[in-house]
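Shown next, in structure tokens, is the structure this report addresses.
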There are 2 protein chains.
Amino acid sequence: MVDRTGRRPTIYSVAERAGVSIATVSRVLRRPGEVRASTRDRVLAVVEEMGYVPDGAARSLAVKSHEAHGLVLPELRGPYYADLLTGYEQGAAEGGASVVVLLTHGKDDVDLLVRRLAGRVDGMVLMGAVPVSSRTVDAVRAKLPVLVLADRHQDAVESFSTENVGSAEQLTRHLIEEHGRRALRFVGTPDIADDVQERYAGFVAAHEAAGLAPADPVPATFREDDGPRVAALLLDGELEADGVVCANDELALSVMQRLLAAGVDVPERISVTGWDDVMAARYVTPGLTTVAQPVRELGREVAVRMRGLLEDRHSAPERHVLPTRLVLRQSCGCP
Amino acid sequence: MVDRTGRRPTIYSVAERAGVSIATVSRVLRRPGEVRASTRDRVLAVVEEMGYVPDGAARSLAVKSHEAHGLVLPELRGPYYADLLTGYEQGAAEGGASVVVLLTHGKDDVDLLVRRLAGRVDGMVLMGAVPVSSRTVDAVRAKLPVLVLADRHQDAVESFSTENVGSAEQLTRHLIEEHGRRALRFVGTPDIADDVQERYAGFVAAHEAAGLAPADPVPATFREDDGPRVAALLLDGELEADGVVCANDELALSVMQRLLAAGVDVPERISVTGWDDVMAARYVTPGLTTVAQPVRELGREVAVRMRGLLEDRHSAPERHVLPTRLVLRQSCGCP
DNA sequence: TTGTAAGCGTTATCAA
DNA sequence: TTGATAACGCTTACAA
């Protein structure tokens with residue numbers, strides 16, 4: 001399956017073998033309707049016989065489009081990013097674009113990698129949590145459309161996110177009003193990401209609406225490892241609480257497991273809630289009350305919007321917020 | 001940030017503005033050591049000022065390398081594929097390559113998409129479960145290195161997988177010998193994928209070694225939806241069993257939940273085991289006994305091997321098998 | 001309907 | 001140390 005030069009077949013070798021010009025080969029592949037059937041069949045036969053696959057780089061150079069989008073995520077733990085990627089890939093594929101994934105976790109030259117990626121894609125999506133300088137973001141934005149997810153509101157760049165404040169407020173209010181909680185703690189570090197900040201804001205809002213004083217957040221990362229520490233605080237009595245609103249499910253599951261193991265009655269004595277609705281949330285006992293985000297849809301919508309931006313530059317940056325859904329199970333106190 | 005032609009800066013506009021040739025600009029970016037410091041600084045300043053990012057397609061065309069690998073997966077549900085991608089991306093990035101992800105689920109022109117992808121990457125990894133014709137695989141293989149994961153042993157193409165038969169046998173033997181099970185059923189459809197087939201083979205082997213007759217498998221897909229159906233069979237008494245060896249955790253979790261909800265004592269009356277060690281496996285009660293695979297490492301090793309193949313074509317196809325680890329929790333009967 | 005030829009934006013060889 | 005210039009493999013006017 002190599003032509004006589006000993007290399008992989010190019011459009012030239014196919015053309016030669018089929019006895020046509022390279023323009024005709026190109027047409028056969030891109031606009032078969034413009035070629036006479038007999039010619040087309042002959043070319044196609046040669047293409048098949050030689051195993052010719054057009055070089056994407058050469059095509060990109062000629063058409064000035066990479067037919068690819070870049071998706072930059074911190075990592076892929078948990079269902080969030082995977083669902084996001086799934087939705088995005090689908091949306092991009094519908095427009096004939098493939099997606100190049102860049103995972104920043106554990107890399108120390110993120111800015112360089114992002115810039116380099118910018119040379120290989122038509123548009124780029126950045127997760128708010130990725131550690132990239134705003135200088136780099138600006139440089140990339142000067143070159144191609146950039147969409148940002150779940151990030152602090154830099155109003156210059158268009159962003160997508162799922163609703164946080166309202167749902168957090170609703171969840172907190174539920175704990176206060178339906179389950180009579182009076183000493184709730186928010187577990188998570190608001191500064192760590194925009195989402196967490198907004199969820200804490202909702203927590204605070206619900207307290208104020210109820211005439212209660214909101215407690216300070218209990219710092220914790222998104223990882224499961226912090227659960228035991230927080231649970232220990234609760235068990236020691238160092239943290240007085242009749243409910244914990246955790247920044248995500250991993251944290252909530254891990255805290256809850258520790259509490260249960262120590263004989264604490266969840267939810268009777270302490271309510272526990274999470275965020276994300278991971279698979280484990282519906283298999284644990286008690287079932288974890290949490291907030292479900294339409295992540296797949298989010299991903300798909302971001303991709304569709306990106307395709308729109310690629311068609312028509314210069315549309316004003318919009319701010320998209322998708323609604324979330326409260327999932328009441330038993331860990332809050334519901335039957 | 002556009003040059004006077006109104007378009008994005010190219011190596012030409014940078015060269016012009018810096019008063020050097022394009023060759024020098026290219027050198028500054030690729031081999032700064034070969035350029036006089038004063039020239040280098042001047043060029044770099046212009047690069048920065050104009051926001052110049054080299055076009056990846058043009059570079060690929062010139063160097064005859066896409067600096068990208070294709071990873072074709074059926075979907076991204078569950079931790080398996082996400083971990084695989086994480087490991088692969090890391091391994092690829094270490095070699096300066098990015099990864100283009102193609103998700104086949106829900107697409108009807110997979111063969112076409114795979115061929116097209118082959119024109120944009122230097123090497124391709126195919127998950128065994130993706131619905132792609134062997135004609136296409138052969139066509140792609142003629143053009144670039146292909147690695148296959150968890151696939152039926154077509155010995156022509158190099159493959160990676162995690163160990164199945166031995167671990168399944170070990171797990172089954174554990175149920176028979178330690179927990180005295182005598183009526184085990186395997187839940188999963190062996191024909192669906194190579195993994196399942198091998199897991200069932202281990203199930204059978206353990207029975208034969210113990211002088212027991214292995215029952216036929218109970219067909220079920222990898223999805224959670226099949227759990228209720230299988231559980232119903234068990235509850236109806238239509239399926240006599242004192243233990244079920246499920247093809248994966250989703251299935252096991254869902255069967256177990258149904259059994260528990262119906263008041264069946266797991267593991268006292270029925271043992272339940274899974275495969276994959278998903279997060280939920282360690283949060284449910286009883287904890288799910290399962291088999292953990294080193295998926296991240298697998299991904300990374302595949303990427304490293306791909307880099308090797310890219311260096312040196314024509315190395316004979318090897319068959320790599322990574323060891324797995326039995327994770328004993330309580331759902332099998334262990335304390 | 002088909003062919004000619006001019007780009008597309010890099011890299012790399014060879015001279016200067 | 002730097003510059004001209006020829007690839008690289010494709011698409012697409014424009015001409016025939």
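Any value given below was found using the heavy atoms of this structure, including those in side chains, with hydrogens, waters and symmetry copies removed. In the text below, chain A, chain B and the rest are named by the order of the sequence lines, each starting its count at 1. Note that this is a predicted model, so its numbers are computed, not measured.
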Keeping to residues at least two apart or across chains, list the salt bridge (charged side-chain N to carboxylate O under 4.0 Å, His left out) pairs with something in residues 70-92 of chain B. Lys107(A)-Glu89(B), Glu75(B)-Arg77(B), Asp83(B)-Arg296(B)
So how far off straight is the helix from dT1(C)-dA16(D) to dA16(C)-dT1(D), going by the axes through five pairs at either end, to 10°? 30°
Tell me the ring pair (Phe, Tyr, Trp, His ring centres under 6.0 Å) pairs involving residues 82-122 of chain B, sequence neighbours left out? His69(B)-Tyr88(B)
Listed partners of Asp122(A) passing salt bridge (Lys or Arg N to Asp or Glu O under 4.0 Å), at least two apart: none
Whole angstrom value for the distance that separates P of dC8(D) from CZ of Arg8(A): 16 Å
Asp41(A) CG to dT1(C) P: how many Å, rounded? 14 Å
Side-chain donor-acceptor contacts of residues 301-308 of chain A below 3.5 Å, not counting sequence neighbours, with atom names and distances?
from      : atom 1 : to        : atom 2 : distance (Å)
Arg305(A) : NE     : Glu158(A) : OE2    : 2.5
Arg305(A) : NH2    : Glu158(A) : OE1    : 3.0
Arg305(A) : NH2    : Glu158(A) : OE2    : 3.3
Arg305(A) : NH2    : Ser315(A) : OG     : 2.9
Arg307(A) : NH1    : Gly91(A)  : O      : 2.9

Rounded to whole angstroms, how far apart are CD on Glu16(B) and P on dT2(D)? 19 Å
Tell me which of Ala57(A) and Arg40(B) sits closer to the 5' end of DNA chain D, going by the nucleotide each one is nearest to. Arg40(B)
Nucleotide by nucleotide, nucleotides 10-16 of chain C touches protein heavy atoms under 4.0 Å in the pattern (B base, S sugar-phosphate only, - none) BBBB---
Sorted by chain and residue number, the side-chain contact (heavy atoms from CB on, under 4.5 Å) partners of Val137(B) (sequence neighbours excluded) come out as Leu126(B), Val132(B), Arg141(B)
Could I get the full list of side-chain contact (heavy atoms from CB on, under 4.5 Å) partners for Leu44(B), not counting sequence neighbours? Val28(B), Leu29(B), Arg40(B)
Spell out, as yes or no, whether a donor-acceptor pair under 3.5 Å connects the side chain of Thr86(B) to the backbone of Ala82(B). yes
Taking only residues two or more places apart in sequence, or in another chain, which ones meet Ser134(B) in a side-chain hydrogen bond (donor to acceptor under 3.5 Å, both in side chains)? none
Starting at NZ of Lys64(B) and ending at C1' of dG9(C), how long is that distance when rounded to a whole Å? 15 Å
Pick base, sugar-phosphate or nothing for Ser60(B), based on heavy-atom distances below 4.0 Å to the nucleic acid. nothing
Check whether any side-chain N or O of Thr24(A) sits under 4.0 Å from OP1 or OP2 of dT1(C), and answer yes or no. no
